[in-house]
Amino acid sequence: MVQGMMSYFLVITSLLWVACGGEQPAARTKAIEDAQSSLGLQALPQVADKQAYRLVICAKASGVCRDALQTKDGRGVTFIYDIRSQHLISDSDAGAVVSLKHLAEAQTATARRGRQRQSLVVWPLIAVGITAGVLLLPKISPTTLTIALMPDGKSVPVHPPEKKVGRKYIAGGVGALVAAVATWSLDHYVWGHGERQAAQHWDSIFSAAEHKNATTVKDLERVVEALAKTFDLVAVKDR
């Protein structure tokens, strides 16, 4: 009960902070990471009295950080919380400016793109699974016979009725289930995986992170590429 009230108080406090003109993400100590690197926001000097950040990838071995995103013509990208901002992305002489105010909309768009790409793979595979289940239905008649007693006391063998239509529905359902489970198990290889990871770990990515308390993901590079797609930017390759 006490923990629930504390969580409610923290949420209300955060909302009041934003409503009163708070200009930075909630203080969290999270980022995301894979085996080699971590990804999160890094604070920069203030820009026009607004707290600014850059999205960086930090190598675990060396601790060196570099920009994760850049404009298509090679300029830098700054993330700023400004309650007056009207657009997600704006341009400046220094580079692109991403408004933290509109990140919720960007997260929704990223998640939607990930689901759409996933459906383009999953539904055809399920259709293939249904077809395979029906076509591979055994054609062998049942070998078990039932014995019916005639009025004169004689017994005759009777083949049990074959419910082929029902069996086809079952076989098709099993094929669909197998295909669905396979695509879920191999989600890492299904188109749109980067978008789904980015949307899932969005709050950890866009927080004032220390990079030492990071959430593990399977493929950081795909997440960065998904973010670049969302913001119409370019993922910076490791030099």
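Being a predicted model, the structure only gives us computed values, none of them experimental.
Using a 4.5 Å cut-off between side-chain heavy atoms of Ile, Leu, Val, Met, Phe, Trp and Tyr, with links allowed through other members, Phe206 and Ile83 fall into the same hydrophobic cluster. The hydrophobic cluster containing Val234 does not contain Leu39, counting ILVMFWY residues as joined when their side-chain heavy atoms lie under 4.5 angstrom apart, directly or transitively.
Across Ala199 and Ala111, no two heavy atoms sit closer than the pair CB-CB, 3.6 Å. Smallest separation of non-hydrogen atoms from Phe79 and Leu55: CE1-CB, 3.7 Å. Closest of all the heavy-atom pairs between Arg54 and Cys65 is NH2-O, 4.1 Å.
Within the 4.5 Å cutoff, the side chain of Lys50 has heavy atoms near those of the Arg84 side chain. In this structure the side chain of Leu227 reaches within 4.5 angstrom of the side chain of Trp202, judged on heavy atoms. Side-chain contact between Glu221 and Lys237 is present, with at least one heavy-atom pair separated by less than 4.5 Å. Contact of the Arg66 side chain with the Val236 side chain is registered, since non-hydrogen atoms from C-beta on lie closer than 4.5 Å. Annotation: side chain of Val98 is in contact with side chain of Leu88 (closest heavy-atom distance under 4.5 Å). Contact of the Asp67 side chain with the Val56 side chain is registered, since non-hydrogen atoms from C-beta on lie closer than 4.5 Å. When side chains are defined from C-beta on, Leu100 counts as touching Tyr53, because their heavy atoms get closer than 4.5 Å. Within the 4.5 Å cutoff, no side-chain heavy atoms of Arg222 are placed close to those of Val217.
Atom-to-atom distance recorded for Gln200:CD and Gln107:CD is 10.5 Å, nearest 0.5 angstrom. A distance of 8.0 Å separates NZ in Lys60 from CD in Gln36, rounded to the nearest 0.5 Å. The line from CD1 of Ile57 to CD1 of Ile32 is 9.0 Å long, rounded to the nearest 0.5 Å. Ser99 contributes atom OG, which lies 9.0 Å from atom CD of Gln86 (distance to the nearest 0.5 angstrom). Atom CD of residue Gln46 and atom CG of residue Asp49 lie 6.0 Å apart, to the nearest 0.5 angstrom. Distance check: Thr215 OG1 to Glu33 CD gives 8.0 Å after rounding to the nearest 0.5 Å.
Applying the side-chain hydrogen bond (donor to acceptor under 3.5 Å, both in side chains) test to His102 and every residue at least two apart in sequence or in another chain returns Glu105.
Side chain of Arg113 to backbone of Ala226: a donor-acceptor contact under 3.5 angstrom is found. Remark: the backbone N or O of Tyr81 is not paired with any side-chain donor or acceptor of Ser85 at under 3.5 angstrom. Not one N or O on the side chain of Lys229 forms a donor-acceptor pair closer than 3.5 Å with the backbone of Thr110.
The 12-atom threshold is exceeded at NZ of Lys101, counting heavy atoms of other residues, nucleotides or ligands nearer than 6.0 Å.
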Worksheet item: Stepwise, does the side-chain contact (heavy atoms from CB on, under 4.5 Å) test hold for Asp34 with Val223?
Response: CA-CA 11 Å; Asp34 60 11; Val223 173; over 6 Å; no

